[in-house]
Undergrad: 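The structure under discussion is supplied below as structure tokens; questions concerning it will follow.
Quick note: residue numbers are just sequence positions, from 1.
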Amino acid sequence: DPNMAVSYGENGNHILPSISYTVPDDITLQKDIVAAVTEVEVKEDAKLKKNVPLNFDHILTGLKFKAGFACTVNSITISNVAKSGTYTIGSGWSNLGQTQNYTITFPGGKYVDEDSMITTDSDNNVVFMIPQSFNDDSAKITLSYDNGSTLETSLKGREWEKGRMITYTLHEKGETQADTLYFDLAAGPFKIEKG
């Protein structure tokens with residue numbers, strides 16, 4: 001994979017593989033990455049058994065998007081998020097660098113009913129990002145829909161943890177027309193209202 005380079009370091013008697021990774025600009029080229037680690041003690045004169053137990057770990061954060069209201073989706077943009085970093089097995093992510101905007105486009109628009117998925121595994125438009133946290137208002141999610149309307153919210157105070165699949169439900173509030181995006185996480189739904 002041209003977006004990934006593997007290197008090895010040592011910590012005492014442990015070999016620590018590291019993966020330098022850059023998220024592809026094209027959403028359709030983004031893939032989940034799974035790393036495996038095992039604790040095996042090998043003595044110089046011992047033969048390694050045939051079966052070695054491995055603990056697999058998803059090291060990216062997956063993002064899906066759901067419609068909170070019926071609309072025609074033109075695009076979803078995730079802006080100013082880290083596009084590269086180094087993952088060391090047993091240690092985690094470091095050296096996050098460069099920010100990038102990632103856009104899922106739907107040529108001609110994609111009509112979605114309320115509570116239906118906008119992005120799906122079968123359409124190959126699930127987004128896989130480097131785990132990171134957001135301390136300011138620069139990282140945003142923007143929904144462009146119905147030929148010109150937009151909703152936007154900051155990711156400030158949020159965290160993308162490795163191994164999580166997060167579904168963002170994009171919702172336009174009813175009568176007040178306040179720009180609101182609802183974020184459904186495993187812990188339960190919560191909302192962020194645009195200030």
Side-chain angles (χ1 to χ4, degrees), residues 1-12 14-39 54-66 75-105 118-119 121 124-144 150-170 181-187 189-192 194-195:
D1 186 333
N3 298 303
M4 191 175 352
V6 179
S7 60
Y8 298 91
E10 289 188 30
N11 181 5
H14 295 86
I15 297 173
L16 300 175
S18 293
I19 300 167
S20 295
Y21 181 67
T22 300
V23 178
D25 295 345
D26 184 343
I27 299 290
T28 63
L29 298 178
Q30 295 176 0
K31 305 295 179 200
D32 192 9
I33 300 174
V34 178
V37 66
T38 186
E39 294 287 332
L54 295 175
N55 298 316
F56 289 91
D57 199 11
H58 295 266
I59 66 171
L60 297 176
T61 303
L63 307 176
K64 291 183 180 181
F65 296 89
K66 185 177 180 182
S75 66
I76 299 169
T77 300
I78 306 158
S79 55
N80 295 314
V81 295
K83 73 175 278 181
S84 61
T86 301
Y87 181 77
T88 302
I89 294 178
S91 179
W93 284 95
S94 63
N95 303 323
L96 300 189
Q98 296 184 314
T99 59
Q100 178 77 22
N101 296 348
Y102 295 92
T103 301
I104 307 166
T105 57
I118 301 169
T119 59
D121 294 321
N124 199 28
N125 55 15
V126 174
V127 180
F128 289 99
M129 294 280 105
I130 291 174
Q132 56 197 283
S133 57
F134 305 99
N135 300 319
D136 59 35
D137 288 322
S138 62
K140 300 179 184 301
I141 294 178
T142 304
L143 169 68
S144 172
T150 59
L151 289 173
E152 182 179 275
T153 193
S154 167
L155 289 169
K156 182 179 180 179
R158 305 295 167 217
E159 182 177 1
W160 291 344
E161 297 172 350
K162 74 178 178 68
R164 298 264 322 261
M165 180 65 74
I166 301 171
T167 299
Y168 291 110
T169 300
L170 310 177
L181 299 184
Y182 288 84
F183 291 61
D184 294 333
L185 301 181
F190 61 91
K191 65 182 181 179
I192 300 174
K194 185 176 177 185

Undergrad: Determine whether a donor-acceptor pair (N or O, by modelled atom type, separation under 3.5 Å) exists between the side chain of T22 and the backbone of S84.
TA: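 Side chain of T22 to backbone of S84, a donor-acceptor pair under 3.5 Å: no, none is there.
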Undergrad: May I ask you to test the V81-M129 pair for a side-chain heavy-atom distance under 4.5 Å?
TA: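 Yes, at least one pair of side-chain atoms sits under 4.5 Å.
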Undergrad: Take I33 and Y87 through the side chain to side chain contact (heavy atoms under 4.5 Å, CB included) test and state the conclusion after the steps.
TA: CA-CA 11 Å; I33 300 174; Y87 181 77; over 6 Å; no
Undergrad: If you compare all heavy atoms of L155 against all heavy atoms of F134, which two are closest, and at what distance to 0.1 Å?
TA: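 Shortest heavy-atom separation between L155 and F134 comes out as O-CB, 3.3 Å.
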Undergrad: If the test is side-chain contact (heavy atoms from CB on, under 4.5 Å), which one of I104, T105, T103 qualifies with I27?
TA: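 That would be I104.
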Undergrad: Checking R164 against L63 for the side chain to side chain contact (heavy atoms under 4.5 Å, CB included) test, could you report, in this order, the C-alpha distance in whole Å, the side-chain angles of both residues, the deciding distance, and whether it holds?
TA: CA-CA 8 Å; R164 298 264 322 261; L63 307 176; over 6 Å; no
Undergrad: When rounded to the nearest 0.5 angstrom, what distance separates CG in L170 from CD1 in I118?
TA: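 So the CG of L170 and the CD1 of I118 are separated by 5.0 Å.
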Undergrad: Any side-chain heavy-atom pair from I76 and V127 closer than 4.5 angstrom?
TA: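 When only atoms from C-beta onward are counted, V127 and I76 do not touch, as no gap falls below 4.5 Å.
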Undergrad: Rounded to the nearest 0.5 Å, what separates atom CG in N95 from atom OG1 in T88?
TA: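 One gets 8.0 Å once the value is rounded to the nearest 0.5 Å.
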Undergrad: Measure the CG-CG distance between D26 and N124 for me, rounded to the nearest 0.5 Å.
TA: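 Going from CG on D26 over to CG on N124, the span is 8.5 Å.
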Undergrad: Got N125 and Q30 here, is their nearest side-chain heavy-atom distance under 4.5 Å?
TA: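 Heavy-atom side-chain distance check fails, nothing below 4.5 Å.
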Undergrad: Can a donor-acceptor pair be found, under 3.5 Å and without considering hydrogens, that links the side chain of T119 to the backbone of F65?
TA: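 Here the side-chain-to-backbone pair exists.
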Undergrad: Quick check for you: to the nearest 0.5 Å, what is the distance between S144 atom OG and L151 atom CG?
TA: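 Separation between the atoms: 9.5 Å.
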Undergrad: Where the side chain of Q98 meets the backbone of K83, is there a donor-acceptor pair that is under 3.5 Å apart?
TA: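 Flag not set: sc Q98 to bb K83 has no pair under 3.5 Å.
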Undergrad: For the pair N80 (side chain) and T99 (backbone), establish whether a donor and an acceptor sit closer than 3.5 Å, ignoring hydrogens and angles.
TA: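 Not at all, since once roles are kept as given, no pair shorter than 3.5 Å links the two residues.
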Undergrad: When you measure from the side chain of Q132 to the backbone N and O of A82, does any donor-acceptor pair fall under 3.5 Å?
TA: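 Here the side-chain-to-backbone pair exists.
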Undergrad: Using every non-hydrogen atom in the two residues, find where S20 and T86 come nearest and quote the distance to one decimal.
TA: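 The pair with the smallest heavy-atom distance is OG-OG1, 3.7 Å.
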Undergrad: As a quick check of understanding, evaluate side chain to side chain contact (heavy atoms under 4.5 Å, CB included) for D121 and K64, giving each step before the final call.
TA: CA-CA 9 Å; D121 294 321; K64 291 183 180 181; 3.4 Å; yes
Undergrad: For P131 and E161, work out which heavy atoms get closest and say how close.
TA: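 Closest approach of P131 to E161, heavy atoms only: CB-C, 4.1 Å.
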Undergrad: Has the side chain of W93 got a donor or acceptor atom that lies under 3.5 Å from a matching backbone atom of I59?
TA: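 Yes, W93 side chain to I59 backbone: donor-acceptor pair under 3.5 Å.
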Undergrad: Any chance you could lay out the side-chain hydrogen bond (donor to acceptor under 3.5 Å, both in side chains) test for T142 and E152, step after step, and finish with the verdict?
TA: CA-CA 4 Å; T142 304; E152 182 179 275; 3.1 Å; yes
Undergrad: Any sub-3.5 Å donor-acceptor pair from S79's side-chain atoms to N101's backbone N or O?
TA: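 A pair under 3.5 Å: no.
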Undergrad: Rounded to the nearest 0.5 Å, how far apart are NE2 of H58 and CG of D32?
TA: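 It comes to 5.5 Å.
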